[in-house]
Amino acid sequence: MGVQLGQIVSPTEVPLDSLKGKKLALDAYNMLYQFLATIRQADGTPFTGDGGEVTSHLVGLLYRTTSLLVNGIRPIYSFDGKPSPLKLNTLKARARVKERATQEWEAALQAGDLPLAKKKAAQTSRLTEPMVADAKELLDALGVPWVQAPSEGEAQAAQMARRGDVWAAASEDYDTLLFGTPRLVRGLAALKHSLRDTGSVRVLSAEEVLSQLSLSLPEFIVMCLLIGTDFNEGFQGIGPKRALKLAQEHLGFEETIRRVGGDPATLKEVADLFGNPPFTPEYRLVWTRPTPEKVMRLLVDRHGFEEARIARTVEKLGDVDLSTPPKPLQTALDDFEGRT
DNA sequence: CCAGAATA
DNA sequence: TATTCTGGG
């Protein structure tokens with residue numbers, strides 16, 4: 001879920017075309033969970049292969065990845081590793097939500113309420129080890145790089161962007177901003193476009209966000225700690241609005257925390273996690289042609305996808321330009337940043 | 001979610 | 001030809 005910043009940040013809408021030739025580090029779990037939530041039948045049943053194994057995430061990953069590549073975007077997927085102990089409460093809470101949603105899904109089915117059933121089913125999504133292994137194997141077969149983060153995939157993506165290895169981190173959550181990304185791309189979940197509307201995504205520039213809010217990055221992090229993150233609970237009666245106001249008083253870390261009755265020592269640990277998150281420098285940003293036989297073996301032979309359909313999809317990648325432009329075209333956002 | 005068929 | 005619906009696994 002991540003920190004709730006939707007109320008107080010305003011993204012810039014940019015045409016999809018402006019991402020052409022750019023490398024993006026994608027939060028793989030964020031994306032795979034979205035596929036698992038949405039790619040379901042009317043009654044909420046996920047797609048499965050012959051053996052009953054869930055395949056919704058592979059459907060989504062295949063089509064999303066080809067769509068990105070055809071649009072000239074160079075994705076690298078960042079997979080979650082071991083969660084921080086600080087996240088255990090959040091994970092337990094999510095597990096409880098899933099248990100309840102599973103019961104409510106069944107109840108909705110009994111009542112014959114399909115829309116409700118699908119909505120509840122979406123909340124039951126689980127990403128298992130074999131499912132993750134399949135996703136990585138599919139990326140390998142497609143010639144798309146991925147990296148195994150030591151801990152948070154979002155932190156890994158953010159650090160890659162901070163080091164300038166990729167143009168931006170991409171996730172629907174805002175946590176990459178806390179993890180220090182200079183840019184966050186949202187809205188890759190709706191790439192579909194027509195002739196008049198050529199598609200667009202939302203970009204958040206960290207520099208722009210901070211200057212709009214009149215906050216330093218450490219103050220921004222404190223604000224988020226007040227609101228609550230996946231790694232700490234937040235405070236009763238403090239939402240985005242009040243947290244922003246308090247952070248804007250520039251009282252410093254300890255005093256700001258004390259104002260809401262929090263313990264600076266405990267929260268310092270969370271602030272450090274955001275400010276200096278674990279990541280690995282061992283990743284290779286190399287995109288190659290897909291290996292159709294590998295894609296076929298995985299999706300058709302092992303998971304029962306329709307051969308002709310997959311062949312058609314992989315074919316589209318044949319004439320994708322995989323080179324990285326030495327001098328990327330300047331976008332409106334780059335121009336804006338250049339002046340600030 | 002995306003692709004392709006159906007539709008108007 | 002652009003938009004809506006349905007099937008995919």
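The sequence lines fix the lettering, A, B, ..., with proteins before strands; numbering per chain opens at 1.
By the 6.0 Å contact criterion, CD on A/E13 is enclosed, its count of non-hydrogen atoms from other residues, nucleotides or ligands being greater than 12.
Atom CG of A/L299 and atom P of C/dG8 are 16 Å apart (whole Å). In this structure, A/L114 places its CG atom 15 Å from C1' of C/dT6, rounding to the nearest Å. With rounding to whole Å, A/L58 atom CG is found 17 Å from B/dC1 atom P. Atom CG of A/L317 and atom P of B/dC2 are 15 Å apart (whole Å). Separating the CZ atom of A/F47 from the P atom of B/dC2 is a distance of 13 Å, rounded to the nearest angstrom. In this structure, A/E53 places its CD atom 12 Å from P of C/dG9, rounding to the nearest Å. Rounded to an integer number of Å, the gap from A/Y63 OH to C/dT6 P is 19 Å. A straight line from CD1 of A/I39 to P of C/dT6 spans 18 Å, rounded to a whole angstrom.
Contacts of A/T48 with the nucleic acid, taken as non-hydrogen atoms under 4.0 Å apart, include base atoms. Heavy atoms of A/A189 sit under 4.0 angstrom from primed sugar atoms or phosphate atoms, though from no base atom.
Checking each of A/F220, A/F274, A/Y174 against A/F179 for a ring-ring contact (aromatic ring centres under 6.0 Å, His included) leaves exactly one that passes, namely A/F274.
A salt bridge does not link A/K245 to A/E249: none of the charged nitrogens lies less than 4.0 Å from a carboxylate oxygen. Ionic pairing of A/D113 and A/K119 is not present here: no N-O contact between side-chain nitrogen and carboxylate oxygen is shorter than 4.0 angstrom.
Contact annotation: A/R309 side-chain N/O to B/dG4 OP1/OP2 distance is not under 4.0 Å. Applying the 4.0 Å criterion to OP1 and OP2 of C/dG8, one finds that A/R40 has every side-chain N and O outside that range.
In this structure, of C/dG9, B/dC1, B/dG4, it is B/dG4 that holds the atom nearest to the side chain of A/K316.
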